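What you see is a predicted model, and the numbers here were worked out from it, not measured in a lab. Here is how names work: the chains are called A, B, and so on, in the same order as the sequence lines, proteins then strands, and each is numbered from 1.
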Number of protein chains: 2
Amino acid sequence: MTFVFNERDGCGKCPIRHRAICARCDDEEMELLEKTKSYVTFEAGQTIVWRGDTLKYFSSVVLGIASLSRTLEDGRTQMVGLLLPSDFIGRPGRETVDFDVTAVTDVTLCRFERKPFERLVEDLPHLSHRVMEMALDELSAAREWMVLLGRKTAREKIATFIEMIVRRDTVPTHDAPRHVLPLTREEIANFLGLTIETVSRQLSLMKKDGIITFSDRRSFVINDLAALQDATGDDADGGVII
Amino acid sequence: MTFVFNERDGCGKCPIRHRAICARCDDEEMELLEKTKSYVTFEAGQTIVWRGDTLKYFSSVVLGIASLSRTLEDGRTQMVGLLLPSDFIGRPGRETVDFDVTAVTDVTLCRFERKPFERLVEDLPHLSHRVMEMALDELSAAREWMVLLGRKTAREKIATFIEMIVRRDTVPTHDAPRHVLPLTREEIANFLGLTIETVSRQLSLMKKDGIITFSDRRSFVINDLAALQDATGDDADGGVII
DNA sequence: CGGTGTATTGATCCCGTTCAACTGTTGTGG
DNA sequence: CCACAACAGTTGAACGGGATCAATACACCG
C-alpha cells in the first residue's frame with residue numbers, strides 16, 4: 001500500500017517526480033539532473049543545516065518531514081515552515097542558509113551540489129520556472145501563516161492546523177479517514193506560536209466538543225469537518241495553505 | 001534633494017531602475033519592457049487590488065508605499081507585507097491575487113499587462129532570475145516576520161519595527177538622522193499583530209526610556225541605537241528583514 | 001470656534017502563559 | 001516479570017501581558 005522507494009530506481013519511479021522542482025522537466029533535462037543527484041538520509045531529530053551555514057547542497061525532500069525554524073537567544077523557538085515530500089531546500093543565488101533545517105521524522109533528501117545545480121537552473125528554463133513557482137507558493141503559505149500567528153486565537157490556530165493536516169493528507173486510508181499528527185506537542189506549539197500546555201488543552205477541548213476523536217496521542221479521526229472548518233476563523237472559501 | 005520622478009523620462013532615469021525586477025536587464029531587454037510599461041497612481045487609502053480578483057497587471061512600486069493584508073470575517077486584520085519602491089506585485093503563473101493590496105501613501109506603479117509580461121518572463125532570463133531572487137528575499141522576510149508575530153513581546157515587536165524603519169531609511173537626511181513612520185498607529189498594529197493602544201503605549205515607553213525622541217507623531221530621532229537593537233530580541237547579527 | 005479623526009492614557013478584564021503536580025507510555029536492567 | 005527511570009502529554013492553579021472598554025488630548029480643517 002505505502003509507496004516503496006528505492007534509491008536504485010531511476011527518477012522515473014521517484015515518488016515526487018511530478019511535484020518537485022523537476023516536475024516540468026523533459027527526459028533530456030531529467031538526464032542532466034539524474035547524473036548529478038545523490039540521496040542522503042537524516043534521522044528524526046537531526047539538524048540538516050544550521051542557520052548561517054554556507055549552503056553546500058540544494059535538496060528536495062523525498063520522504064519524511066523536515067522543519068524550518070528560528071530560535072531566539074533565550075530559547076524561544078518559532079517554526080516557520082514544514083517541508084513535506086517534494087518541497088525544496090535552498091535559495092538559488094544566496095550563499096547562506098537563514099533558518100535551521102531539522103528532520104522532524106526520518107528524512108530522505110535528493111541532493112545536488114550547489115555550483116552544478118545553479119548552472120542547471122541557469123540553463124534549464126523548465127527547472128527555474130518550477131523553482132520560482134514553488135517559491136511563490138511558499139511565499140503565499142508563509143503569509144497565510146502570518147495571519148494565523150498575528151491574529152488567530154489558540155482555538156483557531158489548533159483548528160487551522162488540524163484542518164491543514166487533514167487537507168493535505170494525500171493518502172486516503174482504507175475505510176475510516178484516520179489521520180496522523182506528524183509533530184509532537186512541542187513542535188505543534190512552536191509552529192503555532194503557543195505553549196505545549198495550550199496546545200494540549202485546546203486539543204482536549206476539540207475532543208470534548210466531539211469534533212475529533214483520538215485513538216492514540218498521534219492519530220485521530222474527524223467527526224465534524226464543518227465544525228472544524230468553522231473553528232478556523234477563515235471565511236468559507238478558506239485560506240489555502242501550502 | 002528629493003528624487004524628482006517624471007513619467008515622461010525613460011527607464012534610464014527611473015529611481016528603481018537598479019533594484020526592481022528590471023535590475024539585471026540590458027539595454028535591449030529594457031527596450032522591450034519600456035514598450036509595454038505604463039504608469040498609474042493611487043491615492044493613500046485606495047485599494048489597488050482585492051484578494052480573489054484575477055490579476056490584470058504585474059507592477060513595481062516606483063514611489064510610495066503599499067501594503068499586503070488579509071482581513072478575517074470579523075474584521076481582524078493582519079498586514080503580511082509592506083511594498084516599498086522597487087517591490088513587485090503579482091505572481092507570474094498564478095491567476096488570482098491572494099491578499100488585499102492597498103496604497104498606504106500615494107503610490108505610483110509601473111505596470112505591465114499580464115499576458116505580455118508573462119511572455120517576457122519566459123523569454124528574458126535576466127528578468128525571470130531577478131523575479132525569482134526577489135521572491136526568495138520576500139520569502140525570507142516573511143519568515144522573519146513570522147518569528148516576530150509568533151514569539152516576540154510587544155516591546156520587542158515595536159523595537160524590531162523601528163529598527164527596520166531606521167535600517168532601510170535609505171535617505172540619510174541632512175544632519176540629524178531624522179526618520180518618519182510611514183504608517184498610522186492602526187497600520188503599525190496590524191503589521192505587528194497588536195492593538196493600537198499597545199502600540200501607543202510601547203512607543204511612549206521607548207520615549208520615556210530615552211531610546212527615541214518624537215518631534216511630532218510621525219517623525220522621530222534615535223538616541224540610543226544599541227539599546228534599540230538590544231530590545232529587538234534578535235541576536236547580535238540580527239535578523240535581516242527585507 | 002466646534003467638529004472630526006487620530007493618538008494617548010487610564011482602569012479593568014481575560015486568554016494564554018507559567019509553574020507545578022500528575023498520568024501514561026516506553027524501554028532498560030535486575 | 002517487575003522496578004523504575006526517562007520522557008511526552010495532561011491537567012490544575014495562579015499570574016500577567018496585552019486586549020478591551022472608556023475617557024481624554026491633540027491636530028487639522030471647515
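- Atom NZ of A:K207 is separated from atom P of D:dT10 by 7 Å (rounded to the nearest Å).
- The distance from atom CG of B:L203 to atom C1' of C:dT9 is 14 Å, rounded to the nearest whole Å.
- Within 4.0 Å (heavy atoms only), B:S200 reaches at least one base atom of the nucleic acid.
- What separates CD of A:Q202 from P of C:dT17 is a distance of 10 Å, to the nearest Å.
- Checked by distance alone, B:R201 brings a side-chain donor or acceptor within 3.5 Å of a matching partner on the base of C:dG10.
- Taking a cutoff of 4.0 Å between a charged side-chain nitrogen and a carboxylate oxygen, B:R76 and B:D74 qualify as a salt bridge.
- The separation between B:R218 atom CZ and C:dG5 atom C1' is 13 Å, rounded to whole Å.
- When distances are taken from the side chain of B:S204 to each of D:dT11, C:dT8, D:dT20, the shortest belongs to C:dT8.
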Would A:R201 and A:E197 count as a salt bridge (Lys or Arg N to Asp or Glu O under 4.0 Å) if you check the C-alpha gap in whole Å, the side-chain angles of each, and the deciding distance to 0.1 Å? CA-CA 6 Å; A:R201 272 185 257 270; A:E197 293 93 332; 5.8 Å; no
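- With respect to A:T71, the side chain to side chain donor-acceptor pair (under 3.5 Å) criterion is satisfied by exactly one of A:T77, A:N190, A:D100: A:T77.
- Going from atom CD of B:Q78 over to atom P of D:dA19 covers 12 Å, rounded to whole Å.
- Closest-nucleotide positions on DNA chain D for A:R217 and B:R155 were compared, and the one nearer the 5' end corresponds to A:R217.
- Take the nearest nucleotide of DNA chain D for A:T198 and for B:A154: the residue whose nucleotide is more 5' is A:T198.
- Nucleic acid contact class of B:L194 (heavy atoms, under 4.0 Å, all strands): sugar-phosphate only.
- Residues A:V221 and A:I212 have side chains not in contact (no heavy-atom distance under 4.5 Å, counting atoms from C-beta outward).
- Rounded to whole Å, the distance from CZ on B:R151 to P on C:dT17 is 7 Å.
- Residue B:R185 has its side chain nearest to C:dA7 when only D:dG12, D:dT20, C:dA7 are considered.
- To the nearest angstrom, P of D:dT10 lies 14 Å from CE of A:M206.
- Look at CD on A:E197: it is 8 Å from P on C:dT18, rounded to the nearest Å.
- Dashed line: the shortest gap from a side-chain N or O of B:T195 to OP1 or OP2 of D:dA19 is under 4.0 Å.
- A sub-4.0 Å separation between OP1 or OP2 of D:dA8 and a side-chain N or O of A:T184 is absent.
- For the pair B:R70 and A:E144, the salt-bridge criterion is met [side-chain N within less than 4.0 Å of a carboxylate O].
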